[in-house]
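Here the structure comes first, spelled out in structure tokens, and everything after it is commentary.
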Amino acid sequence: MVDKVLVTRRIPEPGLEILRAHCEVELFPHDRNMTREELLAAVKEKDGLLSLLTDRIDAGLFDAAPKLRAVANCAVGFNNIDLAAATARGIPATNTPGVLTDTTADLTWALIMSAARRIAEADRFTRAGKFDGWGPMMMLGGDIHGKTLGIVGMGRIGQAVAKRAGGFHMRILYSDSVMLDPATAQSLPVALVDFETLLEQSDFVTLHVPLNDQTYHLIGEKEFALMKPTAYLINTSRGPVVDEKALVKALQDCKIAGAGLDVFEHEPQIEPELLQMENVVLLPHIGSASFETRARMAIMAAENLVAALRGERPPNCVNPEVFLKK
Ligand code: GLV
């Protein structure tokens with residue numbers, strides 16, 4: 001019997017080709033996220049699911065899909081999956097680590113530069129016909145070179161962001177529960193400091209932590225109060241890591257200078273005040289959105305799903321305990 005899989009939204013063709021070679025594929029035909037009802041109905045008879053970070057994969061979904069044997073998330077983050085529920089049912093879940101590291105680090109730098117040098121705002125200004133000639137006080141922003149970069153979460157993406165800072169001659173601080181090995185720390189070079197020190201001393205605070213119980217609202221009122229009034233907050237991780245209402249307040253009270261955000265607490269909703277602020281750069285969650293990287297993510301997710309359906313341990317399993325039980 002050929003396995004039936006559901007792909008919840010169109011992904012790059014190379015991923016679909018792998019799936020079609022091994023499975024019977026149902027692809028959600030619309031260019032939008034599936035509603036909960038659509039997802040539960042479509043997954044009902046499926047053996048495998050290729051999901052996106054926008055799909056909630058929880059006990060209710062597993063109950064609606066009694067034949068489901070594997071979930072492959074086409075994302076590095078997997079906070080949309082209730083891992084305990086998957087593990088309890090012996091269902092392996094997978095993610096797509098590594099392949100999007102550099103692309104996400106590139107976008108983090110695009111946000112650092114856009115926020116500090118007012119790129120999006122200056123573009124809007126120019127398009128609005130407001131550019132009436134060079135001005136000595138026009139569109140002044142903050143320098144990036146020579147400043148202090150604070151990286152919260154020094155995993156793969158945090159390290160790739162640090163590497164890119166080399167050309168800007170920055171002092172780089174990081175905070176993490178795990179310390180880098182001394183050789184890596186020296187080669188980047190980065191210094192481990194406690195979270196409060198990082199907030200107090202950094203000109204750019206950039207977030208690269210997964211979303212979990214420990215990191216939910218990691219940055220809130222207390223943290224903004226510690227930051228420099230000239231500092232920028234950059235978030236390409238997950239929206240709920242930042243208390244978005246507290247961010248609005250911090251910006252209104254000039255506790256920080258600006259922000260560059262690729263993710264939001266209640267995507268796709270955004271705190272309406274942010275939309276009005278010129279010193280905030282807003283992107284629609286495109287950290288990994290390059291042609292090359294999205295193709296690699298699709299291939300990786302498809303290979304994970306095919307391996308799991310064959311009963312093998314998929315290369316990027318995030319709940320390997322399921323294989324201990326078997
Ligand atoms: C994107 O946000 C991802 O987790 O891959």
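Start at 1 and go down the list; that is how both ligands and their atoms are numbered.
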Minimum non-hydrogen distance to atom 5 (O) of ligand 1, winning option of Leu211, Thr236, Val76: Val76

Given the options Leu27, Val306, Leu305, Leu50, Val5 meets side-chain contact (heavy atoms from CB on, under 4.5 Å) only with Leu305

For Leu100, counting its heavy atoms only, list the atoms of ligand 1 lying under 4.0 Å from any of them. 5 (O)

Those atoms of ligand 1 less than 4.0 Å from some heavy atom in Leu53: 1 (C), 2 (O), 3 (C)

So, Thr103 and Ser288: side-chain donor and acceptor under 3.5 Å apart, yes or no? no

Does Arg56 pair with Asp82 as a salt bridge, N-O distance under 4.0 Å? no

Any idea which atoms of ligand 1 are less than 4.0 Å away from a heavy-atom of His285? 1 (C), 2 (O)

For atom 4 (O) of ligand 1, what's the nearest protein heavy-atom neighbour? Residue, atom name and distance, please. Arg238 NH2, 2.6 Å

Salt-bridge test for Asp47 and Arg69: reply yes if a basic N is under 4.0 Å from a carboxylate O, no otherwise. yes

Counting from 1 in the order shown, the ligand 1 atoms closer than 4.0 Å to a non-hydrogen atom of Gly77 are 3 (C), 4 (O)

Under 4.0 Å from a heavy atom of Ala75: give me the atoms of ligand 1 that qualify, with their elements. 3 (C), 4 (O), 5 (O)

Backbone N or O of Leu199 within a donor-acceptor pair of the Ser202 side chain at under 3.5 Å? no

Examine the proximity of ligand 1 to Thr96 and report which part, side chain or backbone, both or neither, has a heavy atom under 4.0 Å away. neither

Close N or O approach (Ser288, ligand 1; < 3.5 Å): no

Quick one: which of Leu100, Thr101, Val161 gives a side-chain contact (heavy atoms from CB on, under 4.5 Å) with Arg156? Thr101

Quick check on side-chain hydrogen bond (donor to acceptor under 3.5 Å, both in side chains): which of Thr94, Asn95, Asn80 does Asn73 satisfy it with? Asn80

